[in-house]
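Beneath this line is the structure, given in structure tokens, with notes to follow.
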Amino acid sequence: MIHYKGISKVFKSELLKKPFVALDDVSFSIPEGEIIGFLGANGAGKTTLIKITMDFIRSTKGEIQFDFDSKIKNKFSQIGYLPERPFFYPHLTGREFTFFMGELSGLSRFRIAEQIEKWAPRFKIDFALDRKIKTYSKGMLQRVGFMATLLHDPKLIILDEPLSGVDPIGRKELKDIIVEVNKLGTTIFFSSHIVSDVQEICDSVIFLKEGKLAFKGSIDELINNNKKQESKIYFEDNGKIQFMQVSLESQSRELKKMLEENKNIISVEPNRPTLEEIFYDVK
Amino acid sequence: MMLNNIFIIAKYTSKEILQSKILLNVLLLGLAMAGVIFVAFNFTYGEVSRVALNFGLSSLSLSSVGIAFFMGVTLISREIENRTVYMIISRPVSRSQFIIGKILGLMGVLFINILLLSLLTLLCYGLIGGEFYSTIFAAIIMTMLECVVVLLMICFFSLITTQTLTVLFSLSLYVTGHAISEAKLTTFAMKREFVSWVLEGYQFVLPAFAKFNIKDFVVYQKSLDISYFFNTTLYGVFYSLFLLFLILLIFEKKNLD
């Protein structure tokens with residue numbers, strides 16, 4: 001769906017200061033129909049890459065190719081985008097703002113009303129649509145922004161930290177909607193630094209570290225690549241379930257010793273690191 | 001589609017500004033105008049309608065230029081700062097359409113402001129027996145043109161510098177643009193060819209706002225040459241188009257960080 005080819009971005013700061021390299025020769029592709037998590041610590045270059053994708057800023061080097069139908073004149077008619085920390089027009093109501101976005105996407109007022117009827121209850125924002133946006137909380141802004149992103153049934157949705165500032169229940173609801181929209185055939189590319197959210201719903205991930213591509217591929221591949229040569233032996237001790245972490249080399253020896261001590265062994269499992277552990281460790 | 005996008009952006013920009021209660025200033029100015037006319041009517045001999053007209057046209061100009069200044073400073077810069085521009089240009093909307101739509105939206109509010117205050121001025125003027133003549137309407141059109149040039153000048157500065165400097169530069173150019181024609185008439189300038197040449201050059205390059213001020217013709221019922229009106233209108237239109245061209249050029253290349 002999108003192909004990034006050697007994207008670099010250098011910000012030239014003040015005269016005597018060294019230019020800042022935000023992105024360094026980043027290349028990867030986003031396959032159609034998947035949910036791709038875009039991971040990286042703050043300042044890794046995620047938002048910069050998204051801004052380049054959306055033409056808000058220009059890359060210093062490299063190009064981006066979109067695989068949309070050649071009949072489509074403007075790629076943005078196929079893209080839905082939600083910025084990080086959205087801030088919308090404070091004196092418009094949520095409904096007016098949604099109509100504004102829908103009209104700009106070329107939808108009729110009837111179609112926009114239909115879409116609002118469909119999505120507003122799902123985003124649990126229907127009760128506030130006739131209130132001015134300046135009265136909205138951060139979570140409500142995310143919801144109304146997310147709803148506006150879906151109005152024109154885009155083929156590709158790009159979300160920049162869509163779950164930040166949303167409470168745990170809200171996060172679950174938004175994640176359910178992301179999965180639901182993806183099942184309808186929409187490709188979703190979303191950046192986050194909340195690793196557990198990415199692990200929960202994404203098929204594959206793109207890792208950026210200090211502006212460089214650290215990993216691209218499926219989450220399973222990433223975890224298997226970083227699998228430790230360790231296992232966990234779960235056993236019962238005085239009525240409590242405990243575990244012992246052992247290296248694969250010493251696993252047989254430890255098991256034999258535990259059996260000799262008449263310990264009730266429950267299971268032996270490979271010690272798979274979580275995505276979060278890898279996130280802090282990836283090179 | 002292109003015109004449609006511009007219209008949609010202009011419509012919601014006007015809506016947003018109007019809902020921010022900016023037109024309350026019209027109400028306040030209207031009340032002030034009624035108060036001044038009441039005072040003039042009771043305490044002025046002979047020239048009541050002239051005082052009312054002068055006050056009406058001055059407040060019309062002041063409030064409209066004021067709105068152009070204060071709303072213009074943040075019209076585009078706040079869109080970038082708050083990233084609201086991202087939501088718009090991530091739709092099938094070009095940067096030029098965005099800018100033209102935003103500017104037309106604010107111009108719409110300015111025109112509503114001018115229209116309401118003009119009607120109020122003319123109503124009060126008519127009620128106290130003022131005589132209507134074409135120069136009054138020419139002055140209102142000149143105020144509209146002046147506001148458009150002021151707005152575009154502020155939008156231009158807001159794209160290349162900070163808000164504080166935008167206000168400072170725009171205010172300086174506004175004051176100078178009004179004073180320059182008077183400066184040309186001073187003995188000091190008239191006796192020195194170089195100074196006259198510099199002042200003439202200034203008027204050619206930078207906005208000569210004094211051209212739009214024809215209140216003296218209105219208040220003292222002096223006849224205004226029709227060619228002056230058309231030349232000034234053309235000047236205003238072409239200067240506005242020139243500023244709009246610069247704004248579009250800058251915004252098209254601007255990194256929207």
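Convention: sequence-line order gives letters A, B, ...; per-chain numbering from 1.
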Taking all non-hydrogen atoms of both residues, which atom of [X] and which atom of [Y] are closest, and how far apart?
{"X": "B:M87", "Y": "A:G145", "result": "CE-O, 4.2 Å"}
{"X": "B:R91", "Y": "A:S105", "result": "NH1-OG, 2.8 Å"}
{"X": "B:P92", "Y": "A:F76", "result": "N-CB, 3.8 Å"}

First locate atom [atom1] of [X], then atom [atom2] of [Y], and finally report the distance between them rounded to the nearest 0.5 Å.
{"X": "B:K15", "Y": "A:F97", "atom1": "NZ", "atom2": "CZ", "answer": "13.5 Å"}
{"X": "A:F56", "Y": "B:L256", "atom1": "CZ", "atom2": "CG", "answer": "7.5 Å"}
{"X": "B:I89", "Y": "A:L104", "atom1": "CD1", "atom2": "CG", "answer": "11.5 Å"}

Highest number of heavy-atom pairs under 4.5 Å with chain A among B:K253, B:E79, B:R95 belongs to B:R95
One option among B:I88, B:V85, B:I17 has the most heavy-atom pairs under 4.5 Å with chain A, and it is B:I88
[X] atom [atom1]: more than 12 heavy-atom contacts under 6.0 Å:
{"X": "A:K61", "atom1": "NZ", "value": "no"}
{"X": "A:F127", "atom1": "CZ", "value": "yes"}
{"X": "A:K155", "atom1": "NZ", "value": "no"}
{"X": "B:F111", "atom1": "CZ", "value": "yes"}
{"X": "A:E117", "atom1": "CD", "value": "no"}
{"X": "A:E210", "atom1": "CD", "value": "no"}

Is a donor on one side and an acceptor on the other found under 3.5 Å between the side chain of [X] and the backbone of [Y]?
{"X": "B:N255", "Y": "A:R58", "answer": "yes"}
{"X": "A:K132", "Y": "B:Q19", "answer": "yes"}
{"X": "A:E103", "Y": "B:I8", "answer": "no"}

Below 4.5 Å, heavy-atom pairs only: which of [options] has the largest tally toward chain B?
{"options": "A:D55, A:L92, A:N74, A:I79", "answer": "A:L92"}
{"options": "A:G80, A:P154, A:S77", "answer": "A:S77"}
{"options": "A:M101, A:K134, A:K51, A:M54", "answer": "A:M101"}
{"options": "A:K75, A:Q78, A:E96", "answer": "A:E96"}

Honestly, the part of A:F99 sitting under 4.5 Å from a heavy atom of chain B is both
Okay, A:P90 and chain B: the region with an atom under 4.5 Å from a heavy atom over there is both
- Are A:E84 and B:R83 close enough for a salt bridge, meaning some N to O gap below 4.0 Å? no
Check: B:Y12 ring centre within less than 6.0 Å of A:Y89 ring centre: no
With a 4.5 angstrom heavy-atom cut-off, is it the side chain or the backbone of [X] that approaches chain A, or both, or neither?
{"X": "B:R78", "result": "neither"}
{"X": "B:I9", "result": "both"}
{"X": "B:K254", "result": "backbone"}

